[in-house]
Amino acid sequence: MVLATMLKSGVSLEFYVILATILFTIGVLGVLIRKNAIIILMCVELMLNAVNLLMVAFSTYHGTGDAQVFVFFIMVVAAAEATVGLSILVLLYRNRKTVDVGMFNKLKG
Amino acid sequence: MSSIEIIALALGALTIASALMVVLSMHPVRSVLYLILTFFLISANYVLLNAQFLAIVNIVVYAGAIMVLFLFVLMLLNLSKDNEPRASNIMKLAASLAAGALVIVLVAALKDAIYLPVVENVQGNSQGLVENLGQLLFTKYVLPFETSSVLFIAAMVGAVLLSKKEKQIID
């Protein structure tokens with residue numbers, strides 16, 4: 001019902017494409033601007049969610065559910081990435097007593 | 001402007017605003033809470049887009065599981081506003097310029113994109129319901145589904161191995 005109303009009114013696919021683009025860029029901005037490693041991981045999650053929103057929008061406007069299955073797989077990968085990334089961060093914090101990404105430079109010669 | 005158009009625009013604006021607050025708020029716990037708000041707003045967008053099941057899954061998995069994990073680690077490491085690492089002003093300016101340039105380039109490129117014609121009511125507007133998604137997941141996409149379980153096992157083993165004490169890894 002909602003979809004039929006949406007298509008008749010002016011909410012176009014382009015609106016969701018632009019919205020997802022802006023959300024993705026905010027994620028990129030966060031990765032660039034913040035030095036806290038946990039916030040950087042959170043901004044990566046935000047970028048993944050922007051792609052999820054785009055997938056769902058395309059799925060709805062083209063009338064198939066395939067893209068929504070892909071959103072599931074993106075969520076699976078995001079969950080796995082978050083667990084491993086956070087445990088690596090806890091380990092790094094134990095060694096360096098900081099989460100500042102600028103301080104993780106031990107491999108630098 | 002119709003009412004649904006106003007709702008969509010307001011939801012989009014709110015989503016962008018709370019996502020911006022994730023990046024701009026200096027306190028890490030506040031960032032996490034704003035990100036949870038962003039996930040709820042994205043779920044509202046899913047409901048508007050007729051993806052009801054994904055909206056619930058998004059709240060359960062992202063806001064319920066992943067963000068609690070982030071909050072847990074944040075509390076565990078005892079980070080506060082005082083020892084929050086800050087980027088220099090030049091870095092902030094350069095990052096803002098780069099992100100602004102990126103959004104301009106992406107929007108300009110997408111403006112010329114030719115979209116396929118919108119298909120209406122192929123599956124009677126039920127493509128977002130659990131019945132149809134389960135059907136797809138266990139027939140067409142059963143191989144990626146099973147493979148993702150291997151990924152989960154690998155992630156679990158990796159997380160357990162990493163969070164053990166260093167001595168036990170060496171022994």
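Throughout, a chain's letter reflects where its sequence line sits, starting with A, and its residues are numbered from 1. Side-chain atoms are counted along with the backbone in the values below, which use heavy atoms only and exclude waters and symmetry mates. Keep in mind it's a predicted model, so treat the numbers as computed, not measured.
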Colleague: Answer with side chain, backbone, both or neither: which region of B:Ser25 has an atom nearer than 4.5 Å to a non-hydrogen atom of chain A?
Modeller: backbone

Colleague: Could you tell me which portion of B:Lys111 (side chain, backbone, both or neither) has an atom closer than 4.5 angstrom to a non-hydrogen atom of chain A?
Modeller: neither

Colleague: Starting at CD of B:Glu5, measure out to OG of A:Ser12 and round the result to the nearest 0.5 Å.
Modeller: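 Going from CD on B:Glu5 over to OG on A:Ser12, the span is 8.5 Å.
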
Colleague: Please report the interatomic distance OH(A:Tyr93) to CG(B:Leu76), rounded to the nearest 0.5 Å.
Modeller: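 Atom-to-atom, A:Tyr93:OH and B:Leu76:CG are 9.0 Å apart.
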
Colleague: At a heavy-atom separation under 4.5 Å, does B:Met67 approach chain A through its side chain, its backbone, both, or neither?
Modeller: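 Looking at B:Met67, just its side chain touches chain A.
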
Colleague: If you apply the rule side chain to side chain contact (heavy atoms under 4.5 Å, CB included), what do you find for A:Tyr16 with B:Asn45, and how did you get there?
Modeller: CA-CA 10 Å; A:Tyr16 283 102; B:Asn45 274 313; 4.0 Å; yes

Colleague: So which atom in A:Leu89 and which in A:Ala37 form the shortest heavy-atom distance, rounded to 0.1 Å?
Modeller: CD2-CB, 3.4 Å

Colleague: Among A:Asn49, A:Ile33, A:Ile26, A:Leu41, single out the residue with the greatest number of heavy-atom pairs under 4.5 Å to chain B.
Modeller: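 Looking at each of A:Asn49, A:Ile33, A:Ile26, A:Leu41 in turn, A:Asn49 comes out on top.
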
Colleague: A:Ala78 versus chain B, heavy atoms under 4.5 Å apart: side chain, backbone, both or neither?
Modeller: both

Colleague: Name all pairs fulfilling the ring-ring contact (aromatic ring centres under 6.0 Å, His included) condition that reach into residues 126-152 of chain B, sequence neighbours left out, sorted by first residue then second.
Modeller: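 As it turns out, the ring-ring contact (aromatic ring centres under 6.0 Å, His included) pairs with a partner in residues 126-152 of chain B, which skip direct neighbours, are A:Phe70-B:Tyr141, B:Phe138-B:Phe145.
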
Colleague: Which one of B:Val22, B:Val160, B:Leu20, B:Leu137 has the most heavy-atom pairs closer than 4.5 Å to chain A?
Modeller: B:Leu20

Colleague: Taking the side chain as everything from C-beta on, heavy atoms only, tell me whether B:Gln135 gets closer than 4.5 Å to B:Lys140.
Modeller: no

Colleague: Heavy-atom pairs under 4.5 Å with chain B: which of A:Leu53, A:Val28, A:Ile39 has the most?
Modeller: A:Leu53

Colleague: When heavy-atom pairs shorter than 4.5 Å are enumerated against chain A, which of B:Thr15, B:Leu24, B:Ile16, B:Leu77 gives the highest number?
Modeller: B:Leu77

Colleague: Return the option, out of A:Leu23, A:Asp66, A:Ile22, with the maximum number of heavy-atom pairs under 4.5 Å with chain B.
Modeller: A:Asp66

Colleague: So what's closer than 4.5 Å to chain A heavy atoms on B:Leu110: side chain, backbone, both or neither?
Modeller: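 When you check distances to chain A, only side chain atoms of B:Leu110 fall under 4.5 Å.
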
Colleague: Let's test your reading of the structure: which of A:Ile18, A:Ile38, A:Thr83 forms the most heavy-atom pairs below 4.5 Å with chain B?
Modeller: A:Ile38

Colleague: Should A:Ile74 and A:Met55 be marked as a side chain to side chain contact (heavy atoms under 4.5 Å, CB included) after you check the CA-CA gap, both sets of side-chain angles, and the distance that decides it?
Modeller: CA-CA 10 Å; A:Ile74 292 176; A:Met55 285 269 209; 4.0 Å; yes

Colleague: When only pairs under 4.5 Å are counted, which of A:Leu86, A:Val101, A:Thr21, A:Val71 shares the most heavy-atom pairs with chain B?
Modeller: A:Leu86

Colleague: Would A:Thr60 and B:Asn50 count as having a side-chain donor-acceptor pair, cut-off 3.5 Å?
Modeller: no

Colleague: In terms of heavy-atom proximity below 4.5 Å to chain A, should B:Ile7 be classed as side chain, backbone, both, or neither?
Modeller: neither

Colleague: Do the non-hydrogen side-chain atoms of A:Val51 and A:Met47 ever get within less than 4.5 Å of each other?
Modeller: no

Colleague: Can you tell which part of B:Phe70 gets under 4.5 Å to a heavy atom of chain A, answering side chain, backbone, both or neither?
Modeller: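 Interface part for B:Phe70: both.
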
Colleague: Looking at chain A, which one of B:Ile42, B:Leu69, B:Val61, B:Leu106 has the largest number of heavy-atom pairs inside 4.5 Å, strictly under?
Modeller: B:Leu69

Colleague: Return the option, out of B:Leu54, B:Val73, B:Thr38, with the maximum number of heavy-atom pairs under 4.5 Å with chain A.
Modeller: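 If we count pairs closer than 4.5 Å to chain A, B:Leu54 comes out on top.
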
Colleague: Side chain from CB out, backbone as N, CA, C, O: work out which of these in A:Thr98 comes under 4.5 Å of a heavy atom of chain B, or both, or neither.
Modeller: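 Answer is neither: A:Thr98 stays 4.5 Å or more from chain B.
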
Colleague: Output the option from A:Ile88, A:Val31, A:Val90, A:Asn52 having the highest count of non-hydrogen pairs under 4.5 Å with chain B.
Modeller: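 Maximum pair count with chain B is reached by A:Asn52.
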
Colleague: Does any backbone or side-chain atom of A:Leu13 lie under 4.5 Å from a heavy atom of chain B? Answer side chain, backbone, both or neither.
Modeller: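 Contact with chain B involves the side chain of A:Leu13 alone.
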
Colleague: Would you compute the distance between atom OH of B:Tyr115 and atom NE2 of A:His62 and round it to the nearest 0.5 angstrom?
Modeller: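 Interatomic distance, B:Tyr115 OH to A:His62 NE2, rounded to 0.5 Å: 9.5 Å.
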
Colleague: Heavy-atom distances under 4.5 Å only: say whether B:Ala113 touches chain A with side chain, backbone, both or neither.
Modeller: neither

Colleague: Using the ring-ring contact (aromatic ring centres under 6.0 Å, His included) criterion, which residues pair with B:Phe39? Sequence neighbours excluded.
Modeller: B:Tyr62

Colleague: Hey, what do you get for CG (A:Asn95) to CZ (A:Phe104), rounding to the nearest 0.5 Å?
Modeller: 9.5 Å

Colleague: Which atoms of A:Val77 come close to chain B, meaning under 4.5 Å heavy atom to heavy atom: side chain ones, backbone ones, both, or neither?
Modeller: both

Colleague: Under a 4.5 Å cutoff for heavy-atom pairs, which residue among B:Ser3, B:Ala65, B:Ser31 has the most contacts with chain A?
Modeller: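 Option with the greatest count: B:Ser31.
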
Colleague: Which one, B:Gly100, B:Ala154, B:Pro144, leads in non-hydrogen pairs under 4.5 Å with chain A?
Modeller: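 The candidate making the most pairs under 4.5 Å is B:Pro144.
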
Colleague: I want to check something: taking the side chain as every heavy atom from C-beta on, are B:Val130 and B:Gln52 in contact at a cut-off of under 4.5 Å?
Modeller: no

Colleague: Do A:Val69 and A:Phe73 make a side-chain contact, defined as non-hydrogen atoms from C-beta onward lying under 4.5 Å apart?
Modeller: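 Result yes, sub-4.5 Å side-chain heavy-atom pair found.
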
